[in-house]
Amino acid sequence: MKLIYTDSLVVGAGLAGLRVAIASKERGLDTVVLSLIPAKRSHSAAAQGGMQASLGNTVKGMGDDEDVHFQDTVKGSDWGCDQEVARMFAHCAPKAVRELANWGVPWTRVTKGPREVVVNAQKVTIEEAEAAHGLINARDFGGTKKWRTCYTADGTGHSLLYAVDNKAISLDIPVHERIEALALIHDGTRCHGVVARCLITGELRAYIAKSTTIATGGYGRIYEVSTNAIICEGIGQALALETGVAKLGNMEAVQFHPTAIVPVGILTTEGCRGDGGLLRDKDGHRFMPDYEPEKKELASRDVVSRRMTEHIRKGQGVDSPYGPHLWLDITLLGRKHVETNLREVKEICENFLGIDPAKDWIPVRPTQHYSMGGIRTDATGQSPQLKGLFSVGEAACWDMHGFNRLGGNSLAETVVGGMIIGKYVADFCQQNTLEINTALVEKFVNQVRSEIDDLVEGQGSESAFDIKLEMQRIMMDYVGIFRNGPELQKAVDELQALLLRSRNIGLTCKKRHANPELVEALRVKRMLKVALTVACGAEARTESRGAHAREDFPQRNDKEWLNRTLSSWPSADATLPVLDYEQLDVMKMELPPGYRGYGINNAIAHPDTEKREQQISEILSQLPDDADRYARQHALMPFEVPPSLQEKNERLHDKSLSNRAQLGDEAK
Amino acid sequence: MSQGRTLTFNIFRYDPQEPGDKPKMVKYQLEEAPGMTVFIALNMLREKQDPSLQFDFVCRAGICGSCAMVINGYPTLACRTLTSKYPKGEITLMPLPGFELIGDLSVNTGKFMRELAERLKLWLHPRQDEIDIHRIEAPMAPEEAAKLYELDRCVECGVCVSACATKQMRDTFVGAVGMMKIARFELDSRDARSVEDFYHVIGNQDGVFGCMTLLGCQDNCPKDLPHMQQIAYLRRKMAGALV
């Protein structure tokens, strides 16, 4: 049995994982990152449009700050998020952007003077300030009050991932590539590392660590068509689930992106619409203003995806051999804009569709895109159930997204969450000792070994590939954009039957080293459990909130469902997860539940909402007249971030104010 | 038109870890579907015909650079190669040369790129190690940022390395990928390194003066990066450093 010891173990080498690894290494901790693939190939690279941070440099971002970013994020989440976490995030986002500039990210910058942009299908000229020249620019994204999405053309994720991985290389952080974690080592209260398999040699290793951080991304590939990379299979969530101790949060909260190309499901960025692109139907009609007259194409993602589906159901979709689709029109932005700011989109259109998006419309359809759910953590990123287990990024339910994530907030979460949680992980490693119990380690290694033995030597007759496809189709058919009780029940029943069949998987390729069929078999057994948490959570949640839209329960029901779904897996032979719920406390919210601004306001109110609103006005009225926005915020909902991240963020528009304030200070 | 064609794939098969296994070409046949890419075809072959077939895909969207292989003689990204591109319906797939073979079409580009990054120190060496992240960032000329992004688009797929005759003859040659990255940091006003610093790394036969200017890199780069221009630029710069 090969044992590898470290302080801080990170599973997953995308942006979130690397950022935590860097924070550990900077604290002088021994750090090891495990990855299925070379770090720079991680799915973070596919984020195109950008990351939200309230820098407020562009004229269309003037007046932006943490407060506005926080409010957009909470509304976007349909009040399902953890508001303290959303505050931590909004506060640290500008810091992460600025830090990344010093790590090499070539952020697109503001050019002073007049600039022509497309807003609501009209060309308008905006005038950028002299003082903003050369500062980091931002573009418009859905569901946001200000232009807040910082970007590098439409390759933001790529630029960030390369800069952050380069930083990790400069710090000599080892990334063990082509290593797959298959089980967490734990004693029921503390996590001690992972059992992992080398995808080249097949060797099993135990990595023993003080802290284990899961940063393996989302679980999009439990669906047949997804914008996600093919490695986003939810194995990180499954690792936590299979402990029987750690819990997953809000697994039913799955986002569908409005504009993936048909049929292959590759994403075209929200930046297309942010920069002025339109959605059109089979008649070329721009239909979004009919449904959402205010926000139009730039309503929140869940809203646009549902409106598109509604419109297709009315027969307004464009027929194709792959089913109906709609059009994304970016021709009005002009060739120069497409070829500079949307060039990855252009490449995708050329290579996969054979069209030129500067003159042709792009066939698009809502497609599975993001997992709001994940490993439930507290505000420091640690599992409340399993000490030493941390999770960050899309893998986690840190819960700044609730039931719908805003565009530009996921790339932001990777580096902002990684920056914050990285410090808490390092604290944990400094405060705790390495506990090595070789009998315990051996138990988990033997479990994985016998699982592999059974697959390779057993008499199983089921095909891992077939089972996976069946699972993916069930999720597509019954756990999609619109959901209802009977179909969700069907999904649960069929997934349960598949899970039983998956215990009888047999391999035709019997190799123990590099063997794609073995990899598939090990994964599909785990994916099925994750899929069941999604289907069961969706079946149980009899309301509509954010991306979880129940046709049979169309109202958001704060009275009964202002809570977070927690799922756990009771025992190895169980076929269903156990669900329980964590209440969201309205009396602690800075922003009590309200109207999100889309469609009719039909939410069923929580009894505390009115009480809290009253309390808030009382608290605010008791503050001195000169209380600034920070003091007001603090009075309503204090939140903590690590000491080195506490300072206020400086902005262009309060620089002149602060000059005045400084004069005032001196006068005192 | 291409619907219903039968495609013939000739695929390089070799498992270096299997005792007694020898490299060979194996023929597979497959019904073509509309919009089929080599990514789709290889997965169908693995699922339906031979589950031991090794290859690497991650994003399947031409973004991550995992899937470069030699397709009918040319190194390129398999995920975005449409089968309809080949009128005869015959497609020969070979692993990318110049990299450690893991098996079949899978090669270890990751290991190569990490070693290259360590050797050439391919990260930003900022003028100040610590900046105040709470204050307004230092401005950068918008044109510079745009230029940097253009050079930053490399996906480390390894195509330029496999298409490079110099690299095939000289194992220590840094290849177009190495030079492109050096050019990117050399251009970056935030980087503290001087021309002399870069000269130490690539001002030799393993770097800009080893390139025979055959420009297989320029011809095959899936991201259309301006390799020729950057190599010429670096040569001028490095030659300038000598005088």
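Please read these numbers as outputs of a predicted model, since none were measured by experiment. Every chain is numbered from 1, with letters handed out A, B, ... down the list of sequences.
Side-chain N or O atoms of A:Glu177 include none that pairs as donor or acceptor with a backbone N or O of B:Asn108 at under 3.5 Å. Between the side chain of B:Tyr149 and the backbone N or O of A:Thr156 there is no donor-acceptor pair closer than 3.5 Å. The main-chain N or O of B:Gln128 is found under 3.5 Å from a side-chain atom of A:Asn102 such that the two form a donor-acceptor pair. At least one donor-acceptor pair under 3.5 Å links the side chain of B:Arg190 to the backbone N or O of A:Val105. Looking only at distances, a side-chain donor or acceptor of A:His158 sits under 3.5 Å from a matching main-chain atom of B:Asp152.
Of the atoms belonging to A:Glu344, it is side-chain heavy atoms, and not backbone ones, that fall under 4.5 Å from chain B. Only the backbone of A:Ser644 comes within less than 4.5 Å of a heavy atom in chain B; its side chain stays farther off. At a 4.5 Å heavy-atom cutoff, the contact between B:Arg153 and chain A is made by backbone and side-chain atoms alike. Of the two parts of A:Thr201, the backbone and the side chain both hold a non-hydrogen atom closer than 4.5 Å to a non-hydrogen atom of chain B. For B:Phe39, the part lying near chain A is the side chain, with the backbone staying farther off; criterion is any non-hydrogen pair under 4.5 Å. For A:Lys95, the parts lying near chain B are the backbone and the side chain together; criterion is any non-hydrogen pair under 4.5 Å. The part of B:Leu53 that comes within reach of chain A is its backbone (N, CA, C, O), which places non-hydrogen atoms under 4.5 angstrom from that chain. At a 4.5 Å heavy-atom cutoff, the contact between A:Ile37 and chain B is made by side-chain atoms alone. For chain A, no part of B:Lys85 is nearby; none of its heavy atoms comes within less than 4.5 Å. When heavy atoms are compared at a cutoff of 4.5 Å, A:Arg221 approaches chain B solely by way of its side chain, counted from C-beta outward. Of the two parts of B:Phe55, neither the backbone nor the side chain holds a non-hydrogen atom closer than 4.5 Å to a non-hydrogen atom of chain A. Interface remark: B:Leu122 contributes backbone atoms only to the contact with chain A (heavy atom separation under 4.5 Å). Of the two parts of A:Leu55, only the side chain, counted from C-beta on, holds a non-hydrogen atom closer than 4.5 Å to a non-hydrogen atom of chain B.
Salt bridge A:Arg41/B:Asp56: absent, no basic N to carboxylate O contact under 4.0 Å. Using a cut-off of 4.0 Å between Lys/Arg side-chain N and Asp/Glu carboxylate O, B:Arg80 and A:Glu347 are scored as salt-bridged.
Contacts with chain A were tallied for B:Lys121, B:Glu18, B:Glu144, B:Glu130; B:Glu18 has the most, counting heavy-atom pairs under 4.5 Å. Note: B:Gly65 leads B:Ala117, B:Gly65, B:Gly103 in heavy-atom pairs under 4.5 Å with chain A. With chain A as the partner, the residue from B:Cys154, B:Pro142, B:Ala145, B:Gly110 showing the most heavy-atom pairs under 4.5 Å is B:Pro142. Ranked by heavy-atom pairs shorter than 4.5 Å toward chain B, the options A:Glu520, A:Arg343, A:Lys511 are led by A:Arg343. In terms of non-hydrogen atom pairs under 4.5 Å with chain B, the most contact-rich of A:His43, A:Gln48, A:His133 is A:His133. Listed options B:Arg127, B:Glu150, B:Lys147, B:Met113 were ranked by heavy-atom pairs under 4.5 angstrom with chain A; first place goes to B:Glu150. Among A:Gly354, A:Gly104, A:Ala45, A:Gly202, the residue making the largest number of heavy-atom pairs under 4.5 Å with chain B is A:Gly104. For the set B:Lys111, B:Arg46, B:Glu143, B:Glu118, the entry with the most heavy-atom pairs within less than 4.5 Å of chain A is B:Arg46. Per-residue counts of heavy-atom pairs under 4.5 Å with chain A were compared for B:Cys64, B:Cys157, B:Ala138; the largest is that of B:Cys64. For chain B, the option among A:Gly155, A:Pro94, A:Pro38 with the highest count of heavy-atom pairs below 4.5 Å is A:Gly155. Most heavy-atom pairs under 4.5 Å with chain B: of the set A:Thr227, A:Thr108, A:Asp466, this distinction falls to A:Thr227.
B:Ser106 and A:Arg178 make their closest contact through OG-NH1, 3.6 Å (heavy atoms, listed as atom of the first residue, atom of the second, distance). Between B:Pro51 and A:Asn515, the closest heavy-atom pair is O-OD1, 4.5 Å. Heavy-atom minimum distance, B:Leu148 versus A:Pro106: CB-CB, 3.7 Å. Of all non-hydrogen atoms in B:Trp123 and A:Ile169, the two that sit nearest each other are CZ3-CG2, 3.9 Å. The two atoms that bring B:Gln17 and A:Ile200 nearest to each other are NE2-O, 2.7 Å, heavy atoms only. The heavy-atom pair separating B:Ala61 from A:Ile266 by the smallest distance is CB-CG2, 3.6 Å.
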TODO: Under the salt bridge (charged side-chain N to carboxylate O under 4.0 Å, His left out) rule, what do B:Glu137 and A:Arg109 come out as? Steps first, then yes or no, please.
DONE: CA-CA 11 Å; B:Glu137 66 276 9; A:Arg109 303 288 172 141; 5.0 Å; no
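Atoms CG and CD1, from A:Asn649 and B:Ile133 in turn, are 8.5 Å apart once rounded to the nearest 0.5 Å. A distance of 10.0 Å separates SG in B:Cys79 from CD1 in A:Ile230, rounded to the nearest 0.5 Å. To the nearest 0.5 Å, the span separating CD1 on B:Ile136 from CD on A:Glu650 amounts to 4.0 Å. One distance of note links NE2 of B:His125 with OG of A:Ser170; it measures 7.5 Å at 0.5 Å rounding. Here the CZ-CG distance, from B:Arg60 to A:Asn228, works out to 8.0 Å after rounding to the nearest 0.5 Å. Rounding to the nearest 0.5 angstrom, the gap separating the CZ atom in B:Arg184 from the OH atom in A:Tyr162 is 12.0 Å.
Under the 4.5 Å side-chain criterion, counting only non-hydrogen atoms from C-beta, B:Ile63 is in contact with A:Ile348. Using a 4.5 Å cut-off on side-chain heavy atoms (C-beta onward), B:Asp15 and A:His513 make contact. Contact of the A:Trp107 side chain with the B:Met140 side chain is not registered, since no non-hydrogen atoms from C-beta on lie closer than 4.5 Å.
Environment of NZ in B:Lys48: sparse, with no more than 12 heavy atoms of neighbouring residues, nucleotides or ligands closer than 6.0 Å. Within a 6.0 Å sphere centred on NZ of B:Lys27, heavy atoms belonging to other residues, nucleotides or ligands number 12 at most. In the displayed structure, A:Tyr322 atom OH is contacted under 6.0 Å by more than 12 heavy atoms of other residues, nucleotides or ligands.
Of all residues spanning residues 218-227 of chain B, those with a heavy atom less than 4.5 Å away from chain A's heavy atoms are B:Pro222, B:Lys223, arranged by number.
For the residue pair A:Lys648 and B:His134, no side-chain donor N or O sits within less than 3.5 Å of a side-chain acceptor on the partner.
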